[in-house]
Undergrad: 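Let me give you the structure first, and then I'll get to my questions.
Note that ligands are numbered from 1 as they come in the structure, with each ligand's atoms numbered from 1 the same way. Along the sequence shown, residues are numbered consecutively beginning with 1. Reckoned from all heavy atoms, side chains included, excluding hydrogens, waters and symmetry mates.
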Amino acid sequence: MRIMLLGAPGVGKGTQAKKIQEKFPIPQISTGEILRAAVKNQTELGKQAKVIMEKGELVPDDLIVGLVRERLQEEDCKKGFILDGFPRTIPQAEALDVLLQELNMKLNAVIDIDVDYEKIIARLTNRRLCPSCGADYNLLNNPPNPDNTCKKCGETVIQRDDDKEGTIRNRLEVYEKQTRPLKDFYAEKGMLKVVNGDQGVDDVFGKIVKILGD
Ligand code: AP5
Ligand code: MG
C-alpha cells in the first residue's frame, strides 16, 4: 500500500500517518521529521535546512527529492509507505512521478486532510513535544503533566521552533502558494480523496481506513 497524505501544516498528517503505520505495518516517510533529525544532528543538510525551516519556508526541491529517492529504495519501503509532507511543490510531485516509474511503483491513494486555517493556528500554537521520547501533546485536548513534563518519560516538553504564530502564518501562506496546487494536480489524475480533518483523531482515521478499503 502506497499512500500520500496532503494538507496544510497542522491538519494532522503526522498524527494520521502514525495510526496508519500501526494498522498496516508500512513506514511513515515524513520529510519534516527527516529534516528535524538532520538539524538535531547538525549534519550538512541540517545546517542548510535549519534557517529555512525556522522561517517557515520550503527547503529546495533538489535536496528533498534526493532524500526521498534514497528513502524509497530502502528495504522497508518494498511493502509500501506513507508519504507525509512530501511532495510540497509541483516540481516535487513531477519528480515523484518519475521516481515511482523508475522503481516500478504506483500510488494507491492520495488523501487530502482539510481543516480551516484559524483552527490550524489554534492547534499548532498549542502543540507541545517531548524532546526526549517524541511524544506529541496539545494543550487543547491532550495536555502534558501540569508542570509541563512528558507523561511518558518526565522530560520537560517544548514547542517546535516553527510553531510560533508568525511562523505558522507564513507556513500557511507558503502552503497556499506552493503546495495547495497539488490538490488540482492529483484531482486531474483522478486520484484525490478529501477528508474533513476537523473531527476527532479516530473519526478522521476511520474515514481514511474506509478510503483505503475502497
Ligand atoms: P513538516 O514537519 O512536514 O510540517 P507541516 O507540514 O508544517 O505539518 P505539521 O507537522 O506541523 O502538521 P501535521 O499535519 O503533521 O499535523 P500533526 O499531526 O502534527 O515540515 C516542517 C518544515 O520542514 C517545513 O515548513 C519545511 O521547511 C520543511 N519541509 C518538510 N517537508 C518538505 C518538503 N517536502 N519540501 C520542502 N520543505 C519541506 O498535528 C498538529 C497538532 O494538531 C498536534 O498537536 C496534534 O496532536 C493535533 N491534532 C492532530 N489531529 C487532530 C484532530 N483531529 N483534532 C484535534 N487536534 C489534532
Ligand atoms: Mg507533521
Undergrad: I need the single residue from R128, R123, R171 that forms a side chain to side chain donor-acceptor pair (under 3.5 Å) with D163. Which is it?
TA: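 Only one of R128, R123, R171 forms a side chain to side chain donor-acceptor pair (under 3.5 Å) with D163, namely R171.
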
Undergrad: Taking non-hydrogen atoms only, is E57 closer than 4.0 angstrom to ligand 1 via side chain, backbone, both or neither?
TA: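 Under 4.0 Å from ligand 1, E57 contributes backbone atoms alone.
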
Undergrad: Using a 3.5 Å cut-off on N or O atoms only, is F86 in polar contact with ligand 1?
TA: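 No: no nitrogen or oxygen of F86 is under 3.5 Å from one in ligand 1.
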
Undergrad: For ligand 1, does V174 get within less than 4.0 Å through its side chain, its backbone, both, or neither, judged by non-hydrogen atoms?
TA: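 Looking at V174 and ligand 1, no heavy atom falls under 4.0 Å.
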
Undergrad: Hey, is ligand 1 close enough to Q16 that some N/O pair sits below 3.5 Å?
TA: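 Such a contact does not occur with ligand 1.
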
Undergrad: Would you mind finding which of K13, M53, K55, Q178 brings a heavy atom closest to atom 23 (O) of ligand 1?
TA: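 Among K13, M53, K55, Q178, the closest heavy atom to atom 23 (O) of ligand 1 belongs to M53.
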
Undergrad: Would you say K151 has more than 12 foreign heavy atoms packed within less than 6.0 Å of its NZ?
TA: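 Result for NZ/K151: enclosed.
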
Undergrad: Is the backbone of Q28 close enough, under 3.5 Å, to the side chain of Q21 for a donor and an acceptor to pair up by distance?
TA: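 Yes: the side chain of Q21 pairs with the backbone of Q28.
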
Undergrad: Using a 3.5 Å cut-off on N or O atoms only, is Q92 in polar contact with ligand 1?
TA: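 Yes.
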
Undergrad: What is the nearest protein non-hydrogen atom to atom 15 (O) of ligand 1, stated with its residue, atom name and distance?
TA: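 Ranking protein heavy atoms by distance from atom 15 (O) of ligand 1, first comes G14 N, 2.9 Å.
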
Undergrad: So how far is it from E155 CD to L129 CG, rounded to the nearest 0.5 Å?
TA: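 So the gap between those two atoms works out to 12.0 Å.
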
Undergrad: Any N/O of G85 closer than 3.5 Å to an N/O of ligand 1?
TA: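 G85 vs ligand 1: N/O contact under 3.5 Å present.
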
Undergrad: I'd like to know if the side chain of T125 reaches the main chain of I121, judged simply by a donor and an acceptor atom lying under 3.5 Å from each other, with no hydrogens or angles considered.
TA: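 Here the side-chain-to-backbone pair exists.
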
Undergrad: In the protein, which heavy atom is nearest to atom 31 (N) of ligand 1, and how far is it?
TA: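 Closest protein heavy atom to atom 31 (N) of ligand 1: T31 OG1, 2.7 Å.
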
Undergrad: Side chain, backbone, both or neither: which part of L35 comes within less than 4.0 Å of ligand 1 when only heavy atoms are counted?
TA: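 It is the side chain that gets close, since no backbone atom is under 4.0 Å.
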
Undergrad: Tell me, yes or no, whether the heavy-atom count around K193 atom NZ, taken from other residues, nucleotides or ligands under 6.0 Å, exceeds 12.
TA: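 No, the 6.0 Å shell around NZ holds no more than 12 heavy atoms from other groups.
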
Undergrad: When you measure from the heavy atoms of Q199 to every atom of ligand 1, does any distance fall below 4.0 Å?
TA: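 The answer is yes, since Q199 has a heavy atom less than 4.0 Å from ligand 1.
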
Undergrad: Quick test of your reading of the structure: of R160, K19, R128, R88, whose heavy atom lies closest to atom 30 (C) of ligand 1?
TA: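 Heavy atom nearest to atom 30 (C) of ligand 1 belongs to R88.
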
Undergrad: Side chain to side chain donor-acceptor pair (under 3.5 Å) for Q42 and K50? Distances and angles first, verdict last.
TA: CA-CA 9 Å; Q42 300 184 346; K50 187 174 192 297; over 6 Å; no

Undergrad: Per the side-chain hydrogen bond (donor to acceptor under 3.5 Å, both in side chains) rule, what does the pair list look like for residues 55-68, sequence neighbours excluded?
TA: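 Counting only pairs at least two positions apart or across chains, the side-chain hydrogen bond (donor to acceptor under 3.5 Å, both in side chains) contacts touching residues 55-68 are E57-N170, D61-T89, D61-Q92.
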
Undergrad: Side chain, backbone, both or neither: which part of D136 has a heavy atom under 4.0 Å from ligand 1?
TA: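 The part of D136 near ligand 1 is the side chain, not the backbone.
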
Undergrad: Starting from atom 19 (O) of ligand 1, find the nearest protein heavy-atom neighbour and note its residue, name and distance.
TA: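 I find the closest protein heavy atom is R127 NH1, 2.7 Å.
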
Undergrad: Mind checking whether F24 and L5 sit in one hydrophobic cluster, side chains of I, L, V, M, F, W, Y counted as touching below 4.5 Å?
TA: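 As far as the 4.5 Å side-chain criterion goes, L5 and F24 are connected within one cluster.
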
Undergrad: Closest heavy-atom contact between V157 and P131?
TA: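 It is CA-CD, 4.2 Å.
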
Undergrad: Atom 12 (O) of ligand 1: which protein heavy atom is closest, and how many Å away?
TA: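 Minimum-distance protein heavy atom for atom 12 (O) of ligand 1 reads G10 N, 2.9 Å.
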
Undergrad: State whether the shortest distance between N or O atoms of L124 and N or O atoms of ligand 1 falls below 3.5 angstrom.
TA: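 In this structure, L124 places no N or O atom under 3.5 Å from an N or O of ligand 1.
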
Undergrad: Give me the residue, atom name and distance of the protein heavy atom closest to atom 17 (P) of ligand 1.
TA: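 That would be T15 OG1, 3.6 Å.
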
Undergrad: Only heavy atoms of V11, strictly under 4.0 Å: list the atoms of ligand 1 that pass.
TA: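 Listed by number with element, the hits are 14 (O).
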
Undergrad: With no hydrogens and no angle check, just 3.5 Å: does a side-chain donor-acceptor pair link T43 and N41?
TA: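 Note: T43 and N41 side chains miss the donor-acceptor criterion.
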
Undergrad: Report yes or no: does G7 have a heavy atom closer than 4.0 Å to ligand 1?
TA: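 No, G7 has no heavy atoms under 4.0 Å from ligand 1.
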
Undergrad: Quick test of your reading of the structure: of R171, K18, R123, whose heavy atom lies closest to atom 54 (N) of ligand 1?
TA: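 Considering heavy atoms of R171, K18, R123, the nearest to atom 54 (N) of ligand 1 sits in R123.
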
Undergrad: May I ask which of N141, V59, N138, V201 has a heavy atom nearer to atom 56 (N) of ligand 1 than the others do?
TA: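 The residue whose heavy atom sits nearest atom 56 (N) of ligand 1 is N141.
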
Undergrad: May I ask whether Y137 places a heavy atom under 4.0 Å from ligand 1?
TA: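 Contact present.
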
Undergrad: Picking from D136, D84, D202, what satisfies salt bridge (Lys or Arg N to Asp or Glu O under 4.0 Å) with K19?
TA: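 Of D136, D84, D202, salt bridge (Lys or Arg N to Asp or Glu O under 4.0 Å) with K19 is met by D202 alone.
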
Undergrad: Is the closest heavy-atom distance from R36 to ligand 1 below 4.0 Å?
TA: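 Yes, R36 has heavy atoms under 4.0 Å from ligand 1.
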
